[in-house]
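Letters A, B, ... mirror the listed sequences (proteins, then strands); counts begin at 1. What you see is a predicted model; the values in this text were computed from it and never measured.
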Amino acid sequence: MQTSKFNDYSFPDNSGHFENYGGCFVPETLIPALEELEETYKKADKDPEFHKEFNYYLNNFVGRPTPLYFAERLTKYLNGPKIYLKREDLCHTGAHKINNALGQALLAKRMGKTRIIAETGAGQHGVATATVAARFGFKCVVYMGEVDIHRQATNVFRMNLLGTEVRPVTAGQKTLKEAVSEAIRDWIASSGSSHYILGSALGPHPFPLIVRNFQKTIGEEAKKQILEQEKVLPDALIACVGGGSNSIGLFHPFIKDTGVRMIGVEAGGNGEKLGEHAARFSGGRLGILQGTKTYILQDENGQISNTHSISAGLDYAAVGPEHSLLYDLKRVEYTSADDNEALEAFQILNKIEGILPALESSHAVAWLLKNHKQFTKDQTVVINLSGRGDKDISQALERINLEV
Amino acid sequence: MGKSNIKRFFTNREKPAFIAYITAGDPTYEKSIEIVDALVKGGIDMLELGIPFSDPLADGEVNQRSAQRALNSGMTPERCIKLVNDIKAKHKDLPVIFYTYLNLAAYAQDFKKFCAAVNGAGLDGLLLLDLIPEESREYREEAEKNGLGLVALVAPNTKEQRIKKITDYASCFVYYVSREGVTGKRKGFAENVEKKINIIRKYTDLPVVVGFGISSPEHVKAAAESGVDGIVVGSAIVSKIQKIADNTGTVESLKKFVSSLTEPL
């Protein structure tokens, strides 16, 4: 039985390792800030008052629990399996990102910080961070690649409305990876007064642990909800994987339930050539980027490769370290959907279910559209609809020719 | 070569060593050789050679651009090792260490091969910028096997109880980063350096050098007065190389600038 192997699953260890992955690879200057964060988090995690406060805002500010919605028409359209959508798109600010931003803002408050730094790709994490910064009265600076600023102009305006300064990053590929480096550079110089709200289950320890734990509310709710509605655990969970926070949030509470398949969908982009996609488990290998040891898209000289995806939120060269472990353990099946498949899923979910998904989440839907025959009609799958697609409208407009 | 060479180098020095940082291959491989010649003529005592990385998160704008120029000129970790070889052939007594992010040293090929290759080229030490003591064991062991010393970083905000952990891992020298923040020029020389250096010396007999933000003869003088064994100047030199790259400066003017920095020592 495979069950026993995962019954003891308890990662990361005390130093932030997911076996060979994760850890803490940063310049020494960042250590005091990371130690302070770890200490604060550990204390908060043991403090019922912290959880009470976190849950209060999750329920009343974010709008949790989010529905687990039976997608009846899509189920019929595919002739099964039974499809449930975890509606993170209905969260305040439009994506799961707010769960983590909120949790970390509460930690920043406990640490007495006055300023928040964040990076953003699609803009969802930036908007979520700007929102909690406004709510709790922090000064806020968000770093965003120039390319993403153009792709996600409305999110830039939203952040400005929330009182956040968006600083364009012009280095390298001018997307998420460079924004992360710039945010870290800011933090190296300002960690006394600033907290860096990293937006995905990435980066140096303790971020992968903290972000996962703030996001695992997704999976905990989904588990409860599916048992209420179907009386049994689902046959599969499907989520898109950029850095990997929405997916680890959904997957983590199910790791020990080995009867539940887990499918992580990376961005297949334009093709299989290095630079044309962001599928770390197809073209990547072991390396260290931005504080963590994990699967990374890089060339033969160790230079980090450019990536491409139609969705800014999946357009990143490294994957969260816990995913690398789950890949090695074969607990999660990692696969990819390309730009066109995601765009098609984006349209189908609009047309059939009346739901506008983010292009990121569309990758998860796309996988099922292609692979639904792997399931029988009576089986049940849960797709994490990690965000809504309002931000993607103008980009979709450029790519989709509607015959109305 | 290697660790023992560094030890010999620092022993019985009467004045602090001047350590110059440049990115290998900025603006080109050939120009780097010419630049090192000028640095030596300008009076430097040791060379810290950066291997250009696509994502240098601890570096300020000047060094980021420098890395980009070097990458554009086709620099790879392998060619950086060859450059060490070429530099050592011309300046056999000049200690040379690598300044690099761990991904390039350990995950381009593998760390074992990397250490063997740099040892073969005559490199004297390694500064692995994103390696902290807690993660260092496997890397340290491999470096030691090849006679390579590791440079350890202490930051201004490093707590005293951590300094011992850091100095225990160092086997080459200790680099005191006098400024919070990334590499780059600053207005004045940092405060409290002397105090911090004395705290570090409580825990180690290794040489202690200071760097980050040192960009003028006045800074060099102030740094020397803090009782350090070496002074690192990086971005200020790289700024001059930027001028060489865009044809607004010459190698000769770089040499003059470096002479002005080494003069106070």
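Ranked by non-hydrogen atom pairs under 4.5 Å with chain A, the options B:Ala58, B:Gly60, B:Pro77 are led by B:Pro77. Most heavy-atom pairs under 4.5 Å with chain A, from the set B:Ser54, B:Ala106, B:Ala155: that is B:Ser54. Among the candidates A:Asp299, A:Leu289, A:Asp186, A:Asn301, the residue making the largest number of heavy-atom pairs closer than 4.5 Å to chain B is A:Asn301. Between chain B and the residues A:Ile31, A:Ile296, A:Ile184, the largest count of heavy-atom pairs under 4.5 Å involves A:Ile31. Interface check for chain B: of the options A:Pro32, A:Ala171, A:Gly291, the most heavy-atom pairs under 4.5 Å are formed by A:Pro32.
Contact between A:Glu119 and A:Tyr196 at its shortest, heavy atoms only, is OE1-OH, 2.7 Å. Here the closest non-hydrogen pair linking B:Val208 and B:Arg201 is CG2-NH1, 3.8 Å. Closest of all the heavy-atom pairs between B:Pro133 and B:Ile166 is CG-CG1, 3.8 Å. Contact between A:Leu202 and A:Gly243 at its shortest, heavy atoms only, is CD1-CA, 3.7 Å.
Proximity of B:Leu83 to B:Tyr29: side-chain heavy atoms (C-beta onward) are separated by under 4.5 Å at one or more points. Under the 4.5 Å side-chain criterion, counting only non-hydrogen atoms from C-beta, A:Leu37 is in contact with A:Leu107.
Scanning residues 267-287 of chain A against chain B with a 4.5 Å heavy-atom cutoff picks out A:Arg285, A:Leu286, A:Gly287, ordered by number. Of all residues spanning residues 16-25 of chain A, those with a heavy atom less than 4.5 Å away from chain B's heavy atoms are A:His17, A:Gly23, A:Cys24, A:Phe25, arranged by number.
Using a cutoff of 4.0 Å between basic side-chain nitrogens and carboxylate oxygens, B:Asp246 and B:Arg65 are not scored as salt-bridged. Look at B:Lys145 and B:Glu141 and you find no salt bridge, because none of the NZ, NE, NH1 or NH2 atoms lies under 4.0 Å from a carboxylate O. Note on A:Lys97 versus A:Glu360: no salt bridge recorded, every NZ/NE/NH1/NH2 to OD/OE distance being 4.0 Å or above. Ion pairing between a basic and an acidic side chain is recognised when a charged N comes within 4.0 Å of a carboxylate O; A:Lys42 and A:Glu39 show no such pairing. Between A:Arg167 and A:Glu182 there is no salt bridge, since no side-chain N of the basic residue sits under 4.0 Å from a carboxylate O of the acidic one.
Heavy atoms of B:Arg162 lying under 4.5 Å from chain A belong exclusively to its side chain. Heavy-atom distances place no part of A:Leu30 under 4.5 Å from chain B, backbone and side chain included. For a residue to count as touching a neighbouring chain, one of its non-hydrogen atoms must lie under 4.5 Å from one of that chain's; by this rule A:Pro27 touches chain B with backbone and side chain alike. Residue A:Gln173 does not touch chain B at all, counting heavy-atom pairs closer than 4.5 Å. Only the side chain of A:Gln298 comes within less than 4.5 Å of a heavy atom in chain B; its backbone stays farther off. There is no contact between B:Leu128 and chain A, counting heavy-atom distances below 4.5 Å. Using a 4.5 Å cut-off between heavy atoms, B:Pro56 touches chain A through backbone and side chain atoms alike. Neither the backbone nor the side chain of B:Gln68 comes within less than 4.5 Å of any heavy atom in chain A. Looking at B:Leu102, the atoms closer than 4.5 Å to chain A (heavy atoms on both sides) all sit in the side chain, from C-beta outward.
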Worksheet entry | Verdict with supporting geometry, B:Glu142 and B:Leu148, side-chain contact (heavy atoms from CB on, under 4.5 Å) | CA-CA 9 Å; B:Glu142 199 52 53; B:Leu148 288 163; over 6 Å; no
Worksheet item: Where do A:Gln104 and A:Phe207 land on the side-chain contact (heavy atoms from CB on, under 4.5 Å) test, with the steps shown first?
Response: CA-CA 10 Å; A:Gln104 288 202 49; A:Phe207 282 112; 3.5 Å; yes
Practice prompt. Step by step, work out the salt bridge (charged side-chain N to carboxylate O under 4.0 Å, His left out) result for B:Lys82 and B:Glu78.
Written response: CA-CA 6 Å; B:Lys82 188 171 172 281; B:Glu78 209 181 327; over 6 Å; no
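Taking CD of B:Glu160 as the reference point, atom NZ of B:Lys164 lies at 12.0 Å (rounded to 0.5 Å).
With B:Asp26 as reference, B:Arg69 is the one residue of B:Arg69, B:Lys31, B:Lys243 to meet the salt bridge (Lys or Arg N to Asp or Glu O under 4.0 Å) rule.
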